[in-house]
Amino acid sequence: MKKLFALVLAAGVSLSAAAAPETYVIDGSHTYPRFEYSHFGYSNQVSRFDKTSGKIVLDRAAKSGSVDVVIDATSVDSGFPVFNGHLQGEDFFDTKKYPTITFTSNKLHFEGDKLASVDGKLTIKGVSKPVRLDVTSFHCMPHPMLKKDACGANAVTKIKRSEFNNGKYAPYVSDDVTLTIAVEAVKE
C-alpha cells in the first residue's frame with residue numbers, strides 16, 4: 001500500500017510540475033513586427049520594426065499565460081532611411097515622445113494544444129486599445145542550436161491607425177493597417 005501511495009504521490013507531483021507556467025524570452029534576432037497599408041490605392045506598403053523585446057509565459061496544461069511585447073518604434077524600417085525619419089516624426093509614431101509600442105495580454109485562447117488567439121492591449125502614441133491577435137501558426141520544440149526549449153508564432157490583427165492618433169493623410173493613405181508579428185522566444 002505504501003508503494004502504491006508513493007507512486008500516486010509521485011505521479012501527482014510530476015503532473016503538477018509539468019503544468020507549471022514556463023517563461024520564454026523574446027528572441028530579438030527572430031522577431032519582427034510588420035505593418036502593411038494601402039498607399040493611395042497604388043500598392044500595399046510593408047514596413048517593420050527591427051528591435052523587439054519582452055516575454056511570454058505559457059502554461060500549456062492550463063491553457064493560459066501572458067504576453068508582454070515592447071517594440072522600439074525608433075527601429076522602424078521602411079527600407080528607405082529618409083522615410084524612416086518621416087515615420088518617426090510627430091505626424092506618425094512621434095518617437096521622441098513615444099519611443100515604444102507595447103502589447104500586453106493575459107488572455108490566451110487555445111484550440112486543443114494550439115494557441116489560436118491572444119486578446120490584449122495595444123498601445124501606440126500613448127493610446128491603448130483592445131485588440132485580438134489571431135495566431136496563424138504556433139510551434140514549440142527544443143531549439144536545435146540553443147539546446148533549450150523555444151516557441152514561435154505568427155499573429156495578425158487589423159487596426160485603424162487614426163484610433164491611435166496616427167491618421168495623417170487618411171483615407172488616401174489607408175486608415176486600415178494590418179499588423180503581423182512573427183515572434184520566436186526561448187525558454188529562460
Side-chain angles (χ1 to χ4, degrees), residues 24 26-28 30-58 63-80 83-84 86-95 97-112 114-139 151-185:
Y24 295 81
I26 289 177
D27 176 356
H30 290 95
T31 300
Y32 296 103
R34 299 181 303 271
F35 58 98
E36 180 176 349
Y37 58 93
S38 172
H39 185 250
F40 293 96
Y42 295 129
S43 63
N44 284 351
Q45 296 294 301
V46 180
S47 297
R48 75 179 198 181
F49 297 96
D50 291 334
K51 295 180 183 173
T52 304
S53 61
K55 69 178 181 175
I56 299 166
V57 177
L58 287 176
K63 296 185 172 99
S64 65
S66 63
V67 176
D68 290 296
V69 177
V70 178
I71 300 167
D72 180 349
T74 67
S75 73
V76 67
D77 185 355
S78 66
F80 187 54
F83 191 55
N84 294 348
H86 184 60
L87 289 172
Q88 290 183 45
E90 290 179 16
D91 289 339
F92 295 100
F93 293 112
D94 196 3
T95 60
K97 240 176 154 174
Y98 306 100
T100 60
I101 296 167
T102 61
F103 177 79
T104 58
S105 171
N106 60 9
K107 295 179 184 169
L108 282 63
H109 306 282
F110 285 77
E111 290 178 3
K114 295 288 185 182
L115 183 60
S117 64
V118 180
D119 290 335
K121 180 175 65 171
L122 178 65
T123 303
I124 301 172
K125 289 182 79 171
V127 178
S128 297
K129 298 281 184 184
V131 299
R132 171 170 277 190
L133 296 175
D134 293 314
V135 178
T136 59
S137 68
F138 174 73
H139 182 67
C151 293
N154 292 308
V156 64
T157 192
K158 292 189 181 206
I159 64 166
K160 291 204 175 287
R161 63 187 177 93
S162 60
E163 292 180 353
F164 293 91
N165 196 24
N166 198 342
K168 185 78 173 190
Y169 304 119
Y172 305 109
V173 175
S174 179
D175 194 23
D176 296 321
V177 175
T178 300
L179 301 177
T180 305
I181 301 175
V183 62
E184 291 186 21

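- Between the CG atom of Leu122 and the OG1 atom of Thr157 there is a distance of 8.0 Å, given to the nearest 0.5 Å.
- Judged by distance alone, with hydrogens and angles left aside, the side-chain atoms of Asp27 form no donor-acceptor pair with the main-chain N or O of Glu184 at under 3.5 Å.
- Here Ile56 contributes atom CD1 and Leu108 contributes atom CG; the two are 8.5 Å apart, rounded to the nearest 0.5 Å.
- Here the CG-OG distance, from Asn106 to Ser64, works out to 9.5 Å after rounding to the nearest 0.5 Å.
- Side-chain polar atoms of Thr136 and Asn154 form no donor-acceptor pair below 3.5 angstrom.
- A donor-acceptor contact shorter than 3.5 Å is absent between the side chain of Lys129 and the backbone of Ile124.
- The shortest non-hydrogen separation linking Leu58 to Phe110 is CD2-CZ, 4.3 Å.
- Taking each heavy atom of Phe40 and Val173 in turn, the nearest pair found is CE1-CG2, 3.8 Å.
- Between Tyr98 and Lys125, the closest side-chain pair of non-hydrogen atoms falls below 4.5 Å.
- Distance check: Asp77 CG to Arg34 CZ gives 12.5 Å after rounding to the nearest 0.5 Å.
- Residues satisfying the side chain to side chain contact (heavy atoms under 4.5 Å, CB included) criterion with Phe92, sequence neighbours excluded, are His86, Leu87, Arg161, Asn166, Lys168, Tyr169.
- Of all the heavy atoms in Tyr37 and Val177, the pair that sits closest is CB-CG2, 4.2 Å.
- Between atom CD1 of residue Ile101 and atom CZ of residue Phe49 there is a gap of 3.5 Å, rounded to the nearest 0.5 Å.
- Taking the side chain to side chain contact (heavy atoms under 4.5 Å, CB included) definition, one finds that Thr95 meets it with Ala73, Thr74, Gln88, Phe93, sequence neighbours left out.
- When the side chain to side chain donor-acceptor pair (under 3.5 Å) test is applied to Asp176, the partners found at least two apart in sequence or on another chain are Lys160.
- Counting non-hydrogen atoms of neighbouring residues, nucleotides and ligands closer than 6.0 angstrom, the NZ atom of Lys55 reaches no more than 12 such neighbours.
- Taken to the nearest 0.5 Å, the CD1 atom of Ile26 stands 11.5 Å off from the SG atom of Cys151.
- Counting non-hydrogen atoms of neighbouring residues, nucleotides and ligands closer than 6.0 angstrom, the NZ atom of Lys114 exceeds 12 such neighbours.
- Between the side chains of Asp134 and Ser117, no donor-acceptor pair is found at a separation under 3.5 Å.
- Thr102 meets the side chain to side chain contact (heavy atoms under 4.5 Å, CB included) test with Val70, Thr100, Thr123; sequence neighbours excluded.
- By the 6.0 Å contact criterion, NZ on Lys63 is enclosed, its count of non-hydrogen atoms from other residues, nucleotides or ligands being greater than 12.
- Residues passing the side chain to side chain contact (heavy atoms under 4.5 Å, CB included) test with Glu111 are Ala116, sequence neighbours excluded.
- Side-chain contact check for Glu36 versus Thr180: every heavy-atom pair is 4.5 Å or farther apart.
- Formation of a donor-acceptor pair under 3.5 Å by the Ser47 side chain with backbone atoms of Phe35 is not found in this model.
- The two residues Gly79 and Asn84 make their nearest non-hydrogen contact at N-OD1, 4.1 Å.
- Annotation for Gly120 and Ser105: closest pair CA-CB, 3.8 Å, computed over non-hydrogen atoms.
- His39 is linked by a side chain to side chain donor-acceptor pair (under 3.5 Å) to nothing, counting only residues two or more places apart in sequence or in another chain.
- Put simply, the side chain of Asp68 never gets that close to the backbone of Thr104: no donor and acceptor are under 3.5 Å apart.
- The environment of CD in Glu90 is sparse: at most 12 heavy-atom neighbours from other residues, nucleotides or ligands sit within 6.0 Å.
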field: Chi angles and distances behind the side-chain contact (heavy atoms from CB on, under 4.5 Å) call for Ile181, Phe103
entry: CA-CA 11 Å; Ile181 301 175; Phe103 177 79; 5.6 Å; no
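- Between Asp50 and Tyr32 the shortest heavy-atom distance is O-CE2, 3.8 Å.
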